[in-house]
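Here the structure is laid out as structure tokens; the discussion comes afterwards.
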Amino acid sequence: MERTFAIIKPDAVKKGVTGQILARIEAAGFRLCGMRMIHMSKAEAEGFYYVHKARPFFGGLTDFMSSGPCVVMCLEAPDAIKKWRDLMGATDPAKAEPGTLRKDFGASIDNNATHGSDAPETAAFELGYFFRGMEL
Ligand code: CMP
């Protein structure tokens with residue numbers, strides 16, 4: 001079993017598709033082992049995305065992620081990191097495969113509906129950023 005960290009981003013929550021995304025997560029066979037709705041401050045979003053701090057999109061990304069509530073989750077499944085990235089699809093919804101979450105619910109590379117960890121070390125950092133051990 002593996003655990004990964006996932007976010008339903010502010011654009012998807014605002015559009016009212018949180019329930020549809022959760023249904024797709026459950027239908028895909030993930031176990032939801034932690035979930036919370038939060039509204040990140042700008043500083044919290046900057047801390048979460050610190051690996052991107054030198055990138056030109058960092059300011060816009062952290063403004064967007066602190067613009068409204070999002071849903072943070074811990075998902076468990078065999079090979080959960082890859083399985084969740086496959087379900088999300090490519091970062092840019094325009095390049096995502098049909099049937100993926102970003103294709104179906106994302107509008108642009110900035111407003112792309114969901115986030116997922118890209119490696120075990122990232123998953124450990126990201127889960128620890130939002131959840132205490134006893135919550136999972
Ligand atoms: P996410 O998986 O949350 O990780 C970083 C986010 O930055 C990414 O999704 C995109 O929403 C956003 N982003 C904006 N521009 C880019 C870019 N050129 N490359 C990668 N990510 C980008």
Side-chain angles (χ1 to χ4, degrees):
M1 274 299 168
E2 185 175 64
R3 287 179 169 186
T4 192
F5 174 73
I7 305 181
I8 301 175
K9 291 190 180 186
D11 57 324
V13 172
K14 211 168 288 171
K15 266 164 68 177
V17 295
T18 302
Q20 289 183 62
I21 293 175
L22 289 173
R24 302 257 290 252
I25 288 170
E26 292 189 331
F30 288 99
R31 189 173 81 86
L32 260 171
C33 36
M35 180 168 72
R36 194 182 322 117
M37 181 175 271
I38 60 168
H39 188 152
M40 272 185 254
S41 67
K42 173 86 170 165
E44 286 165 346
E46 287 172 345
F48 175 66
Y49 279 119
Y50 80 98
V51 289
H52 294 305
K53 65 177 181 296
R55 307 286 289 274
F57 57 81
F58 184 68
L61 171 63
T62 52
D63 280 344
F64 165 64
M65 291 301 288
S66 56
S67 69
C70 66
V71 176
V72 294
M73 295 169 285
C74 175
L75 305 181
E76 187 175 79
D79 207 11
I81 294 172
K82 179 176 187 302
K83 186 178 164 79
W84 173 236
R85 291 179 73 79
D86 288 349
L87 184 60
M88 288 194 298
T91 306
D92 183 350
K95 296 181 183 147
E97 293 293 321
T100 61
L101 295 173
R102 284 166 166 167
K103 183 63 145 194
D104 292 348
F105 301 117
S108 66
I109 195 165
D110 299 305
N111 287 227
N112 63 352
T114 55
H115 166 85
S117 310
D118 60 5
E121 310 74 52
T122 328
F125 165 75
E126 294 182 349
L127 285 169
Y129 195 80
F130 291 107
F131 295 101
R132 288 180 294 138
M134 68 178 286
E135 294 178 288
L136 303 178

Worksheet item: side chain to side chain contact (heavy atoms under 4.5 Å, CB included) with M35: which residues, sequence neighbours excluded?
Response: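 L22, L32, V71, M73.
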Worksheet item: Can you pull the ring pair (Phe, Tyr, Trp, His ring centres under 6.0 Å) pairs that have at least one residue in residues 90-109, sequence neighbours excluded?
Response: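 Checked against ring pair (Phe, Tyr, Trp, His ring centres under 6.0 Å) - neighbours excluded - no pair reaches residues 90-109.
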Worksheet entry | ring pair (Phe, Tyr, Trp, His ring centres under 6.0 Å) contacts in which one or both residues fall within residues 54-78, not counting sequence neighbours |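 Listed by first then second residue: H52-F57.
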Item to complete: Please determine if R36 forms a cation-pi arrangement with F130, meaning its NZ or CZ atom is less than 6.0 Å from the six-membered ring centre and no more than 45° off the ring axis.
Response: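 No - R36 does not lie over the ring of F130 by the 6.0 Å and 45° rule.
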Worksheet entry | side chain to side chain donor-acceptor pair (under 3.5 Å) pairs, two or more places apart, involving residues 13-24 |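 Residue pairs passing side chain to side chain donor-acceptor pair (under 3.5 Å), neighbours aside: R24-D104.
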Worksheet item: Do the non-hydrogen side-chain atoms of V13 and M37 ever get within less than 4.5 Å of each other?
Response: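 Heavy-atom side-chain distance check passes, below 4.5 Å.
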Fill in: Heavy-atom side-chain proximity of P78 to E2 below 4.5 angstrom
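The answer is no; the side chains never approach within 4.5 Å.
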Item to complete: Sequence neighbours left out, what passes salt bridge (charged side-chain N to carboxylate O under 4.0 Å, His left out) with K42? Give chain and number order.
Response: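 K42: salt bridge (charged side-chain N to carboxylate O under 4.0 Å, His left out) contacts with D63.
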List, one per line, each side-chain donor-acceptor pair under 3.5 Å for residues 85-99, sequence neighbours excluded.
from, atom 1, to, atom 2, distance (Å)
R85, NH1, G116, O, 3.2
D86, OD2, K82, NZ, 2.7
D92, OD1, A94, N, 3.0

Partners of [X] by side chain to side chain donor-acceptor pair (under 3.5 Å), sequence neighbours excluded?
X: R55; value: none
X: S108; value: none
X: T100; value: none
X: E126; value: H115, S117

Fill in: Between OG on residue S66 and NE2 on residue H39, distance to nearest 0.5 Å
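Taking OG in S66 and NE2 in H39, the distance rounds to 6.0 Å.
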Worksheet entry | Reported CE-to-CZ distance for the pair M65 and F48, which is rounded to 0.5 angstrom |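 Between atom CE of M65 and atom CZ of F48 there are 6.5 Å.
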Do any side-chain atoms of residues 3-12 form donor-acceptor pairs under 3.5 angstrom with protein atoms, and if so which ones, sequence neighbours left out?
from, atom 1, to, atom 2, distance (Å)
R3, NE, E76, OE2, 2.9
R3, NH1, L136, O, 3.3
R3, NH2, L136, O, 3.2
K9, NZ, N112, OD1, 2.7
D11, OD1, A113, N, 3.4
D11, OD2, A113, N, 3.1

Discussion item. Count I, L, V, M, F, W, Y as connected when their side-chain heavy atoms are under 4.5 Å apart, and connections chain through other members. Are V51 and L127 then in the same cluster?
Written reply: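 Same cluster.
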Discussion item. Quick check on the hydrophobic clustering: are V72 and L61 connected, directly or via other members, by side-chain heavy-atom contacts under 4.5 Å?
Written reply: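 Yes, V72 connects to L61 through the hydrophobic network.
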Worksheet entry | All pairs passing salt bridge (charged side-chain N to carboxylate O under 4.0 Å, His left out) where residues 106-119 contributes a residue, at least two apart |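 As it turns out, there is no salt bridge (charged side-chain N to carboxylate O under 4.0 Å, His left out) pair with a partner in residues 106-119 once direct neighbours are skipped.
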Discussion item. With a 6.0 Å cut-off on the ring centroids, do Y50 and Y129 count as close?
Written reply: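 No, the ring of Y50 stays outside the 6.0 Å limit from the ring of Y129, centre to centre.
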